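Everything quoted here is computed from the prediction, not taken from an experiment.
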Amino acid sequence: WSDAHDEVLNSAWAVEVIREQCEFLKMNAELNHVGDKIEIYNGSLLEPIPPGILADVLIADVSGIAERPARILGWYPSAIPTGGMDGTEITIQLLKQAATHMAQGARLYFPVAVGLADERRIMDVARSSFGKLEEKVNVDFPLSKDEGDAVLEGAEPFIHLTKRRNPTPSRAFTWRGNIYEATEPI
């Protein structure tokens, strides 16, 4: 991160929405001997970061999974926020806030849960917020037959899974996780 005077700080800022997780984050930082290099905030997205703090790199590990599949699959207990009804809510908020905390030439990395969120809506906002987007990673994640059937039953139109060619009961469907690099905020 750099401050408003372009002084490079040898540190990181972490924001966690769940207060209890902040304690685990602090313990993990101490165990890895970087506790003095990380400022940890409890809050939502970039809101707790003080004005004037500009990042060279933003890494967003945000929930981009729609409410229904997140709960059906048991990945998000009730205390953990999902990506909203269509899986876009948190990611879109982040995309709209990021430019205010990005230094010149900074990069934002954000995930898109293809098949479990309205990826078209997320990418439309990303394209209108950044001059350059590049897919850096795409990984297929398996779902069992029962999980896939449960997610697809009565699913919203943006929910789609890929049925595997040679399925096993534990790996009958996949969904794709993409990570994008966004630069040149508009």
Side-chain angles (χ1 to χ4, degrees), residues 14-29 40-49 58-98 108-130 133-182:
V15 179
E16 173 57 54
V17 70
I18 299 169
R19 183 172 303 282
E20 294 81 17
Q21 294 297 333
C22 290
E23 292 306 315
F24 290 118
L25 184 55
K26 287 177 188 173
M27 289 178 357
N28 196 16
I40 299 170
Y41 291 92
N42 177 234
S44 179
L45 301 173
L46 301 171
E47 291 168 3
I49 303 296
L58 287 172
I59 300 173
D61 184 12
V62 296
S63 171
I65 296 176
E67 175 81 16
R68 189 175 162 281
R71 303 296 185 208
I72 286 172
L73 294 168
W75 295 345
Y76 291 77
S78 61
I80 308 288
T82 67
M85 296 310 290
D86 65 357
T88 67
E89 185 178 306
I90 296 171
T91 306
I92 286 175
Q93 286 176 32
L94 171 77
L95 291 168
K96 290 180 176 181
Q97 291 177 13
L108 164 67
Y109 295 94
F110 67 96
V112 177
V114 178
L116 297 178
D118 189 343
E119 68 184 281
R120 179 200 49 79
R121 188 165 173 231
I122 291 169
M123 295 310 295
D124 285 349
V125 171
R127 285 184 202 93
S128 69
S129 300
F130 292 90
L133 292 171
E134 185 178 340
E135 183 181 287
K136 291 295 193 176
V137 175
N138 65 57
V139 177
D140 289 331
F141 293 97
L143 291 176
S144 71
K145 179 173 179 357
D146 290 343
E147 291 170 328
D149 289 343
V151 167
L152 292 172
E153 184 180 327
E156 298 84 351
F158 59 84
I159 298 290
H160 56 92
L161 302 175
T162 301
K163 196 167 193 167
R164 293 177 54 114
R165 284 191 197 153
N166 299 312
T168 64
S170 65
R171 299 173 78 82
F173 295 95
T174 62
W175 64 277
R176 175 159 288 182
N178 291 351
I179 297 177
Y180 289 90
E181 178 185 76

inquiry  = Are there over 12 heavy-atom neighbours, none belonging to Glu153, within less than 6.0 Å of that residue's CD?
reply    = no
query = Do other residues, nucleotides or ligands put more than 12 heavy atoms under 6.0 Å from the CZ atom of Phe141?
reply = yes
ask   = Relative to each other, are the rings of Tyr180 and Phe110 parallel, tilted or perpendicular (30° and 60° limits)?
value =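 Correct class here is parallel.
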Is there a donor-acceptor pair closer than 3.5 Å between any side-chain N or O of [X] and the backbone N or O of [Y]?
X: Asn42; Y: Val17; value: yes
X: Thr82; Y: Ala66; value: no
X: Ser129; Y: Ala126; value: no
X: Glu16; Y: Gln21; value: no

Under a 4.5 Å cut-off applied to non-hydrogen side-chain atoms, are [X] and [Y] in contact?
X: Met123; Y: Leu133; value: yes
X: Leu46; Y: Leu58; value: yes
X: Leu73; Y: Leu143; value: yes
X: Val151; Y: Phe173; value: no
X: Val125; Y: Thr91; value: no
X: Val15; Y: Leu45; value: no

key: Of all pairs that satisfy salt bridge (Lys or Arg N to Asp or Glu O under 4.0 Å), the ones with a partner from residues 66-92, not counting sequence neighbours   = Glu67-Arg71, Asp86-Arg121
Report the distance from atom [atom1] of [X] to atom [atom2] of [Y], rounding to the nearest 0.5 Å.
X: Trp175; Y: Ile159; atom1: CH2; atom2: CD1; result: 11.0 Å
X: Asn28; Y: Lys26; atom1: CG; atom2: NZ; result: 13.5 Å
X: Thr162; Y: His160; atom1: OG1; atom2: NE2; result: 7.5 Å
X: Ile179; Y: Glu135; atom1: CD1; atom2: CD; result: 10.0 Å
X: Leu161; Y: Lys163; atom1: CG; atom2: NZ; result: 10.5 Å

query = Sequence neighbours excluded, which residues qualify as side-chain contact (heavy atoms from CB on, under 4.5 Å) partners of Asp124?
reply = Arg120, Arg127
Which heavy atom of [X] sits nearest to which heavy atom of [Y], and what is that distance?
X: Pro69; Y: Leu116; result: CB-CD2, 4.1 Å
X: Gly64; Y: Ala113; result: O-CB, 3.4 Å
X: Ser63; Y: Ile90; result: O-CB, 3.8 Å
X: Met85; Y: Glu156; result: O-OE2, 4.5 Å
X: Pro167; Y: Arg164; result: CD-O, 3.3 Å
X: Phe158; Y: Ala117; result: CD1-C, 3.4 Å

note = Sequence neighbours excluded, the answer for salt bridge (charged side-chain N to carboxylate O under 4.0 Å, His left out) partners of Asp149 is Lys145
